[in-house]
Trainee: 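Sharing a structure here in structure tokens format.
To find a chain, count down the sequence lines: A is the first, B the second, and so on, and within it residues start at 1.
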Number of protein chains: 2
Amino acid sequence: MTLQIEVDLTAGVPPYEQIRSQIVAHVSAERLRVGDRLPTIRALAADLGVAAGTVARAYRELEQVGVVTTRRRSGTVVAAGAVAADILARQAASAFVATVRAARLTDDAIVDLVRGALLEPTPAGDRQEGSEVAHPDAR
Amino acid sequence: MTLQIEVDLTAGVPPYEQIRSQIVAHVSAERLRVGDRLPTIRALAADLGVAAGTVARAYRELEQVGVVTTRRRSGTVVAAGAVAADILARQAASAFVATVRAARLTDDAIVDLVRGALLEPTPAGDRQEGSEVAHPDAR
DNA sequence: ATCAATGCATCAACTGATTGATACAATGAT
DNA sequence: ATCATTGTATCAATCAGTTGATGCATTGAT
């Protein structure tokens, strides 16, 4: 069996991102294990009907996060640190859940909260420590 | 005395988003309180050197989330529903989403991650309406 | 040494998001 | 009733991100 990866061009999510996340899911579910080899860029690209550069980007990002390692002729394999990256994400989730639970939110509300945050277009820092200020009130 | 709001055009984050998050920060820090009036769209736009539509978008999104209410001639004021705890929870969610997105997870994966975290520490009412993914969740 | 397989780099075209400008609609004050 | 003030809608221009195509660089096998 080959890896089950699919791309939906109408999904709104960029294809390279779909590929990337599905591979992460496969690693997380242990359908891919450390040392397993991924399809070659060209093979997967042809299979999915996308350009090679698209798959290459997915692989590149996976390598930056430490999920895979690539060598020129040997191909792309699941890296030893793949699990660690996954754990980091889980830790972030636990910390977040602890924080919002302190605010006595229900589980449903928490999930909704995350869904709402996911809808916001901000991919980068939402951080801003304000300066002092007074109330605008008005006329 | 006006609200301390600044826009950095080189920040990568869109200006309307910077405005939105800074106002949220002001409400969260109680520099803006329920009933306080925000600057008019035109005034703030002129002050920041951006177009009115940019500020308008920030205000619109704030209204959708329930942080402010706007009326045509009366202007835009901080809404009653904009409770600090709620706002803080939203920011926690935003921060979490930003963090885990940096790990390049897809939206569905993020929601799954949160669901998994919700199951762990406190076995409270962990009932979600049936979603699509089961995700056995190893490790 | 050569070759072929594999990932990498580059770049023009395309697509969607964001902005800025302008005109419109509603509404409270007079 | 009128007007000035405020938010809203629209739309072309611009900008950032993504893709697809092509060629290059590396490297293991022979």
Trainee: B:V24: which residues meet the side chain to side chain contact (heavy atoms under 4.5 Å, CB included) condition with it, sequence neighbours left out?
Mentor: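 Checked B:V24 against side chain to side chain contact (heavy atoms under 4.5 Å, CB included); matches are B:R20, B:L62, B:I87, B:Q91.
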Trainee: Only distances under 3.5 Å count here; give the side-chain donor-acceptor pairs of residues 73-80 of chain B to other protein atoms, sequence neighbours excluded, each with its distance to 0.1 Å.
Mentor:
| from | atom 1 | to | atom 2 | distance (Å) |
| --- | --- | --- | --- | --- |
| B:S74 | OG | B:R71 | NH2 | 3.3 |

Trainee: What are the residues of residues 61-70 of chain A, sorted by number, that bring a heavy atom to within less than 4.0 Å of DNA chain D?
Mentor: none
Trainee: Between A:D107 and A:R101, is there a salt bridge with N-O shorter than 4.0 Å?
Mentor: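 Salt bridge: yes.
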Trainee: Using atom names, set out every protein N or O paired with an N or O of nucleotides 14-16 of chain C below 3.5 Å, distance rounded to 0.1 Å.
Mentor:
none

Trainee: Reading nucleotides 14-30 of chain D 5' to 3', which nucleotides get B (base under 4.0 Å from a protein heavy atom), which S (sugar-phosphate only), which -?
Mentor: ----SSB--B-BBBB--
Trainee: How long is the line joining CG of B:L38 and P of D:dG7, in whole Å?
Mentor: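 My rounded result for the distance is 9 Å.
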Trainee: How many Å lie between CZ on B:R60 and C1' on D:dT8, as a whole number?
Mentor: 9 Å
Trainee: Taking only the side-chain nitrogens and oxygens of A:T76, find out if one of them lies under 4.0 Å from OP1 or OP2 of C:dG7.
Mentor: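 So the side-chain polar atoms of A:T76 do come within 4.0 Å of the phosphate oxygens OP1 or OP2 of C:dG7, strictly under.
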Trainee: From the list C:dT6, D:dT6, D:dG7, which nucleotide is the closest neighbour of the side chain of B:I41?
Mentor: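 From the listed options, D:dG7 comes nearest.
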Trainee: Just verifying a value: how many Å separate A:L32 CG and A:Q22 CD, rounded to the nearest 0.5 Å?
Mentor: 11.5 Å
Trainee: Starting at CG of B:L38, measure out to CD1 of B:I19 and round the result to the nearest 0.5 Å.
Mentor: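 Taking CG in B:L38 and CD1 in B:I19, the distance rounds to 11.0 Å.
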Trainee: What do the steps show when you test A:Y59 against A:L44 for side chain to side chain contact (heavy atoms under 4.5 Å, CB included), and what is the final call?
Mentor: CA-CA 11 Å; A:Y59 280 18; A:L44 184 53; 3.6 Å; yes
Trainee: Rounding to an integer number of Å, can you tell me how far B:Q18 CD sits from C:dT19 C1'?
Mentor: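 That distance rounds to 13 Å.
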Trainee: Rounded to the nearest 0.5 Å, what separates atom OG1 in A:T70 from atom CZ in A:R60?
Mentor: 10.5 Å
Trainee: What distance separates B:I110 CD1 from A:F96 CZ, expressed to the nearest 0.5 Å?
Mentor: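 The CD1 atom of B:I110 sits 11.0 Å away from the CZ atom of A:F96.
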Trainee: Can you list everything that forms a side chain to side chain contact (heavy atoms under 4.5 Å, CB included) with B:A51? Sequence neighbours excluded, please.
Mentor: B:T54
Trainee: When rounded to the nearest 0.5 angstrom, what distance separates CD in B:E61 from OH in B:Y16?
Mentor: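 So the gap between those two atoms works out to 5.0 Å.
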Trainee: Would you compute the distance between atom CG of A:L9 and atom CD of A:Q18 and round it to the nearest 0.5 angstrom?
Mentor: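 Here the interatomic distance stands at 7.5 Å.
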